[in-house]
Amino acid sequence: MVDTLTPSQSKVVEFPYQSNSTLKVVAGPGSGKTLTLLHKVYYLIESGQIAPNEILILSLTNKAVDNVITRLFDVFEQLNEKRTEEQLKEIIGGLEVHTVHGLANRVVIENEGIINVIEENGWRGLMKLVSEDFWKNKRPKIPSIKDFKRLFEQYKNQKTGTKDVVKKLTDIMENCGVVTNEELIDRASRYLNSDVVPESTAQTMEYTRNLKDKIKVVIIDEFQDLYPSLLPLLRRISLGKQLILFGDSNQSIYSFLGSNKEAMNAIEDIHTGRDFHIMHLHDNFRCTPEIMAAATRVIPLKRKEMNDGEIEKVCKDKCGVKPIMQNFSNPLDELEFVRDQISQLVCASAHLSDIAILTRTNNQMQLIADHLQSYGINSHKLTAQPDWMTDSRIQFLIDLMKVISLSHREESLKRENFVNRPWKSDFSLIVTLSALKGATNQSIQILYNECLRHDISLRRYISSVPMSDWPAAVTNKRKISNCVIELQKLMNNGEFLYSDDPMQILQKICTFAHEMGFQMLQPTSHRDAEQFRQHLEDMYIILKLCLTNKPNDMPLVEWFLHTHFEQSLSYYHENPVPRAGSRDVLKISTIHSSKGLEFPIVFLMGGLSWFHSISQLEDNVLYVGMTRAKNLLYLLNTKHPGLDYKSATRNIMSNEKFWRYYNTDLNRDIPADFASAIRRYDCLQRKYDGFSMKRRPFSTLSVAHNNKLMRLIAHIARK
DNA sequence: AGACAGTAAGTTTTT
DNA sequence: CTTACTGTCT
């Protein structure tokens with residue numbers, strides 16, 4: 001059955017099930033980790049030891065989860081042709097595959113109802129509630145949202161200093177069902193730890209209980225990404241179960257979340273006195289020996305292993321081309337180099353979709369995408385989430401919908417004489433009012449304090465207490481009041497909350513936002529406006545999708561608010577390139593998001609050198625980036641003591657030997673006529689010559705919001 | 001108070 | 001390399 005696997009892979013797959021034990025599988029890049037994992041799952045089920053619903057597969061990123069889910073069906077189908085599609089679906093449907101946060105979310109929701117994870121706009125709103133002197137003697141004088149977030153966490157843990165301020169904020173969050181990601185994990189592990197489940201709710205807590213009692217095997221994919229604060233949760237989940245860890249410590253690139261060295265050691269003996277086994281998958285089926293040799297030199301520990309003769313076995317033949325390294329002092333040169341190389345590669349036998357450009361930051365990613373776009377080269381961003389979901393303007397609109405929906409719910413509960421506290425709408429309303437032009441921090445603070453004093457919801461206070469009775473210090477009373485009145489109009493208007501027409505819903509909410517003139521929705525440029533329009537369109541698609549799968553007894557708006565996150569993720573997963581005109585587009589991703597993926601050709605952008613010095617990536621980040629490449633690797637502006645800079649750049653386009661190797665490796669036909677590549681390239685160059693710098697508007701070259709590049713270009717222009 | 005020299009950070013993800 | 005803040009001196 002497992003004859004397609006290597007001996008070491010088979011050993012992992014056939015390792016016996018044994019409760020209360022840990023198996024750690026160290027799997028280097030390209031070693032067939034996911035394949036082995038899936039075979040392992042299949043083996044557990046097929047051998048009758050474990051039922052599908054007794055297996056829990058966890059990972060840290062959505063990407064890794066997607067990866068497992070996507071390949072599940074293929075691998076299972078291949079392994080057993082006897083089963084019908086229906087049976088396979090049932091087996092696969094029984095498996096639990098989640099991100100750690102996704103799992104925590106489910107547990108918490110089951111125990112305390114719908115909760116929301118606080119987002120950028122939420123932090124901005126909270127920030128408005130702390131007084132100026134909170135920032136006195138603090139690190140940054142002009143605090144950003146990020147600084148605020150950091151300080152908030154810090155104070156929460158320390159429980160010293162401005163405790164009362166933080167306490168006030170956490171109370172609001174508590175009341176409104178808003179949590180931070182850390183809190184989400186904490187709460188989940190609390191619910192799993194509390195062994196006493198109240199009898200009355202025992203039946204409904206099925207999911208939580210199953211996690212504790214039913215699951216027998218917990219598989220953690222990419223264990224190197226774990227960080228200390230996840231450990232309590234994982235400890236509880238793996239209690240008494242077989243814990244199988246897959247990963248590679250050299251690919252640990254999330255050390256900024258906490259010390260994962262510590263976490264990695266801790267997870268090995270997560271329960272003391274446990275049976276512990278470790279296995280290695282050494283073969284590398286992905287990279288060429290040339291790429292692997294360079295990547296190995298990047299990690300000090302690896303270099304030592306190599307000397308000890310304990311190196312990964314690369315299973316591919318030499319391709320004859322070493323990684324191409326080049327440094328630039330001018331970012332435009334770098335972008336042009338990339339563009340030129342891509343032209344050459346495509347004119348030879350590469351497809352655009354073979355190529356991936358990996359960057360360190362999201363900003364760089366956007367910059368490169370824009371530049372290539374200006375030449376008519378389409379690219380697809382491999383982000384963890386679709387763009388529109390991270391657009392704070394869209395999130396703001398969703399917040400507006402939340403205020404209306406939650407307020408409506410509160411009103412109807414009140415009519416039926418239920419308890420009125422807590423008012424979940426307060427949080428979203430604070431976020432909304434904070435964005436209102438003219439509503440100062442102070443006004444919102446005072447108003448909110450008044451509400452606390454009168455034990456009344458913020459919305460209700462604003463709408464029912466006459467403005468003349470508001471504290472005098474509140475400015476712009478009319479504007480604030482008007483905003484809430486308009487919100488209430490939407491709330492009482494059945495055409496919004498109970499509408500089944502996605503366009504109508506979108507229109508109503510946009511009209512409202514427009515009339516209120518929210519500052520943050522004002523586009524700063526034409527480009528900005530176009531982007532917003534596109535994101536609105538994407539939101540419309542998800543609204544339409546919600547309409548097709550919503551339960552009959554739930555209004556569309558409510559269903560959307562509850563499920564839009566998951567729905568968009570799965571929609572995005574199934575339609576990875578929803579709007580690109582041509583199918584053949586190149587891929588752009590941050591190094592972090594590219595983990596677990598592989599590409600025939602990789603451009604690794606160390607950093608667009610804003611500085612004259614070339615940025616040095618962390619060892620592991622560089623290693624991950626390099627080992628994504630199957631056949632050809634470019635290292636641009638990448639500095640590392642282990643790398644040898646003297647390797648010469650060859651003309652790739654006319655390297656027949658390489659392209660023979662390349663096409664063979666990808667199971668493609670070898671082109672008969674290599675000379676035509678050069679002809680095609682010449683033709684393409686002539687076309688690009690038409691794109692003179694003058695004709696290309698500056699705004700497409702750089703990004704309006706990337707001031708740094710603008711300044712740098714100005715600097716270069718002066719010279 | 002104002003000028004000047006020295007220092008540390010910048011980024012990456014999770015619903 | 002640039003920014004944003006600190007500390008020290010006059």
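Here is the naming used below: chain letters follow the sequence lines, and residue numbers restart at 1 for every chain. FYI, side chains are in, hydrogens and waters are out, and symmetry mates aren't considered; it's all heavy atoms of this structure. Model, not experiment: these values are computed from the prediction.
At the heavy-atom level, S255(A) lies nowhere under 4.0 Å from the strands shown. Counting non-hydrogen atoms under 4.0 angstrom, Q385(A) reaches a base of the nucleic acid. Using a 4.0 Å heavy-atom cutoff across all strands shown, N62(A) reaches sugar-phosphate atoms only and no base atom.
The phosphate of dT12(B) has neither OP1 nor OP2 within less than 4.0 Å of any side-chain N or O from N620(A). Dashed line: the shortest gap from a side-chain N or O of S593(A) to OP1 or OP2 of dT13(B) is under 4.0 Å. The shortest distance between the side-chain N/O atoms of T99(A) and the OP1/OP2 oxygens of dT15(B) is below 4.0 Å. Contact annotation: T180(A) side-chain N/O to dT15(B) OP1/OP2 distance is not under 4.0 Å.
Using bins of under 30°, 30° to 60° and over 60° for the plane-to-plane angle, the ring pair Y572(A)/H380(A) lands in the tilted bin.
Stacking between Y254(A) and dT13(B) is absent: the aromatic ring centre is not both under 5.5 angstrom from the base six-membered ring centre and within 30 degrees in plane angle.
Residues meeting the side chain to side chain donor-acceptor pair (under 3.5 Å) test with H562(A), sequence neighbours left out: none. The ring pair (Phe, Tyr, Trp, His ring centres under 6.0 Å) test applied to H101(A) returns no partner, not counting sequence neighbours.
Just one of I404(A), L400(A), D399(A) meets the side chain to side chain contact (heavy atoms under 4.5 Å, CB included) condition when paired with S428(A); it is D399(A).
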